[in-house]
Amino acid sequence: MFTNSHQSITRRNFDVIVIGGGSAGCATAYNLAIKGANVALLEKFDLNTQASGRNAGSLHGQIQFEPFHQLGMKWARDFLPGLSFLASSLEIWKTLGEKLNTDLEVGGKGGLMVAESASDMVALEAKVKLENEVGIASRLIDQKELHEMAPYISQKMLGAAFCPIEGKANPLVTAPAFAARAKEVGASIVTGVEVLAIEKVDGKFKILTDAGDFFAEKVVLTANAGLPKLAKSLGLDLPISDVPVQVSVTEQVDKFVNHLIYFTTEKLTFKQANSGSLLIGGGWPARYDNSGEAVLNLDSLQSNLRVALKVCPSISKIKVIRTWIGVGNGTPDHNPVIGELPNTPGAYVGMYPYMGFTASPLLGEVLSDLVLNSASKIDLKPFALTRF
Ligand SMILES: Cc1cc2nc3c(=O)[nH]c(=O)nc-3n(C[C@H](O)[C@H](O)[C@H](O)COP(=O)(O)OP(=O)(O)OC[C@H]3O[C@@H](n4cnc5c(N)ncnc54)[C@H](O)[C@@H]3O)c2cc1C
């Protein structure tokens with residue numbers, strides 16, 4: 001184990017405290033620690049137990065079809081900064097495993113967003129053009145090329161948008177690898193500590209937790225589902241929605257899927273992990289039970305599997321062995337929220353909605369630059385906390 005339970009924590013004063021031990025927080029703590037900051041990460045549960053450890057491991061680099069279809073061109077254009085953020089993060093993913101000295105199982109030969117109707121092919125063409133505007137080399141492929149690239153896709157599909165920068169990685173190892181390397185260079189990783197509120201007292205942050213108070217010059221909120229409550233304690237309302245969704249995994253089978261597969265007609269992501277298991281998801285909603293807990297939605301599961309079978313009929317004999325639920329978060333415009341709190345200098349927020357696993361390596365770099373240098377290598381105006 002590389003984390004400390006709160007009982008063993010004697011140090012309470014740090015340069016920077018990062019709140020939240022998912023991939024965003026662990027990447028931020030890592031980047032701060034390697035740049036020499038005296039940093040602690042506080043996590044309510046164990047590391048990587050929430051969205052970052054429950055996601056489907058897709059590395060996204062194209063505009064998702066559902067919001068494109070529903071919200072239209074104006075939305076898609078406004079989302080381009082968020083898309084560029086993903087593309088820059090994908091560059092970091094290429095060598096991240098070496099940097100963290102861990103096999104993150106980064107791989108895949110790109111993403112295929114397949115379509116069964118001529119009208120969706122037209123929509124994909126417009127989407128591809130937009131992606132090309134920000135330097136993403138996606139392109140439309142016809143039925144023949146689709147079936148050469150991915151012969152397991154149903155012959156009924158007419159073509160696809162192919163995005164070569166997409167792929168997959170293993171979410172179970174990524175955040176822990178960031179945390180382990182952060183700890184090696186001096187970060188304190190403290191689990192089992194819930195932050196209850198944050199106050200600014202005499203220019204310093206007092207972090208009130210269920211294990212006593214901590215103090216820091218600066219604080220970074222990467223608490224995802226816990227973010228609105230913490231931001232509120234510093235006077236900022238963030239319109240972040242809860243999105244409980246399901247992912248299913250199958251038994252292990254011989255390798256036959258090399259791409260990240262999506263479908264334009266209905267929600268789907270579909271890929272094969274290095275273990276041989278297929279991961280089937282795409283944002284099908286779970287449901288909340290009477291006690292407020294997110295639980296399996298059987299209708300969603302059936303629909304998700306029906307759509308996967310429609311796109312890839314040959315999987316009919318492969319057994320699903322487990323379905324799980326994770327609560328992700330959304331913003332109204334799908335762009336991330338990244339920046340310093342307007343009325344609380346020294347407090348920073350970082351959250352990338354829906355596709356935050358892909359974004360986390362860059363988010364960690366950007367937040368550490370903001371904290372240490374008050375600067376960012378990318379333009380953060382589209383991600384301003386006050387834009388809503
Ligand atoms: C089922 C599912 C599938 C997904 N699939 C993909 C995918 O394939 N590709 C992709 O790019 N993205 C995907 N996502 C989105 C992605 O998982 C998230 O955007 C990303 O993991 C968010 O990372 P995070 O570190 O911000 O949040 P989290 O991983 O949720 O981490 C936040 C942490 O903060 C802690 N915390 C909260 N409040 C407090 C507090 N008060 N005190 C202390 N700690 C606190 C939580 O316990 C948690 O560990 C998916 C999400 C879900 C739910």
Side-chain angles (χ1 to χ4, degrees), residues 6 17-29 40-61 64 85-86 89-90 93 111 166-171 174-175 178-179 190-198 207-211 214 219-233 240 242-249 260 262 267 269-271 273 279-286 294 300 304 323-331 334 336-338 349-364 367:
H6 62 78
I17 288 185
V18 177
I19 302 169
S23 46
C26 292
T28 304
L41 180 149
L42 305 182
E43 163 56 46
K44 177 166 140 181
F45 302 116
D46 209 341
L47 296 178
N48 206 35
T49 53
Q50 304 308 305
S52 300
R54 298 175 186 220
N55 67 64
S58 307
L59 296 182
H60 299 286
Q64 298 302 292
F85 196 96
L86 293 179
S89 199
L90 286 168
W93 275 102
E166 295 194 304
K168 62 175 170 103
N170 187 341
T174 302
F178 271 122
V190 187
T191 57
V193 169
E194 180 176 2
V195 175
L196 304 172
I198 307 164
I207 321 283
L208 293 85
T209 82
D210 59 359
F214 289 75
V219 62
V220 187
L221 313 183
T222 49
N224 202 24
L227 184 53
K229 188 177 156 204
L230 294 177
K232 180 111 188 144
S233 79
I240 290 175
D242 285 6
V243 192
V245 290
Q246 306 181 168
V247 183
S248 296
V249 65
L260 166 60
Y262 312 87
K267 295 175 199 294
T269 62
F270 175 82
K271 73 189 78 69
L279 284 156
I280 302 172
W284 284 91
S300 268
N304 197 177
T323 301
W324 68 87
I325 294 142
V327 179
N329 280 299
T331 58
H334 294 233
V337 282
I338 308 171
V349 164
M351 193 281 275
Y352 196 108
Y354 306 110
M355 298 182 278
F357 177 62
T358 308
S360 55
L362 180 61
L363 186 55
L367 286 169

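Hydrogens, waters and symmetry mates are skipped; everything else that's a heavy atom, side chains included, is used. We count ligands from 1, going down the list as the structure has it; atoms in each ligand are counted the same way.
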If I take atom CG from residue L279 and atom CZ from residue F270, how far apart are they, to the nearest 0.5 angstrom?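 CZ of F270 is found 9.5 Å from CG of L279.
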To the nearest 0.5 angstrom, please state how far the CD atom of E194 sits from the CG atom of L42.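 So the CD of E194 and the CG of L42 are separated by 11.5 Å.
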At their closest point, which heavy atom of [X] faces which heavy atom of [Y], and how far apart are they?
X: P353; Y: T331; value: CG-OG1, 3.5 Å
X: N55; Y: S52; value: ND2-O, 3.1 Å
X: N48; Y: A175; value: OD1-CB, 3.5 Å
X: F178; Y: P361; value: CZ-CA, 4.2 Å

Ignoring hydrogens and angles, tell me if any N or O in the side chain of [X] forms a donor-acceptor pair with the backbone of [Y] under 3.5 Å.
X: S89; Y: F85; result: no
X: K271; Y: A56; result: yes
X: S300; Y: A286; result: no
X: E166; Y: G61; result: yes
X: S58; Y: H60; result: no
X: N329; Y: G226; result: no

Looking only at protein heavy atoms, which one is nearest to [atom], and how far off is it?
atom: atom 22 (C) of ligand 1; result: N224 ND2, 3.8 Å
atom: atom 3 (C) of ligand 1; result: N55 CA, 3.3 Å
atom: atom 42 (N) of ligand 1; result: V195 N, 2.9 Å
atom: atom 37 (C) of ligand 1; result: A223 O, 3.3 Å
atom: atom 29 (O) of ligand 1; result: S52 OG, 2.5 Å
atom: atom 9 (N) of ligand 1; result: S58 O, 2.8 Å
atom: atom 15 (C) of ligand 1; result: Y354 O, 3.2 Å
atom: atom 16 (C) of ligand 1; result: F357 N, 3.6 Å

Atom indices of ligand 1 within 4.0 angstrom of [X] heavy atoms, with elements:
X: F45; value: 47 (O)
X: G356; value: 11 (O), 12 (N), 15 (C), 16 (C), 18 (C), 19 (O), 20 (C)
X: T358; value: 10 (C), 11 (O)
X: E194; value: 41 (N), 42 (N)
X: G226; value: 37 (C), 38 (N)
X: Y352; value: 19 (O)
X: A24; value: 24 (P), 25 (O), 26 (O)
X: G328; value: 53 (C)

[X]: heavy atom below 4.0 Å from ligand 1, yes or no?
X: L59; value: no
X: G57; value: yes
X: A225; value: no

Ligand 1 to [X] polar contact by distance, N or O atoms, under 3.5 Å:
X: V247; value: no
X: T49; value: no
X: K271; value: no
X: V327; value: no
X: V245; value: no
X: A56; value: yes
X: Q246; value: no

Beyond-backbone contact of [X] with [Y], side-chain heavy atoms, under 4.5 angstrom:
X: V193; Y: D210; result: yes
X: V18; Y: L367; result: no
X: V195; Y: F214; result: no
X: N304; Y: T323; result: no

Residue selection (non-hydrogen contact nearest atom 46 (C) of ligand 1) among M351, M355, E43, K44: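 Looking at heavy atoms only, the winner is E43.
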Scan T358, I338, T222 and name whichever one has a side-chain contact (heavy atoms from CB on, under 4.5 Å) with L363.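 Considering T358, I338, T222, a side-chain contact (heavy atoms from CB on, under 4.5 Å) with L363 is found only for I338.
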Would you kindly specify which portion of N329 sits under 4.0 Å from ligand 1, judged on non-hydrogen atoms: side chain, backbone, both or neither?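 The answer is neither; N329 stays 4.0 Å or more away.
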Between V193 and ligand 1, which part of the residue brings a heavy atom under 4.0 Å of the ligand: side chain, backbone, both or neither?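 For V193, the contact with ligand 1 is made by the backbone alone.
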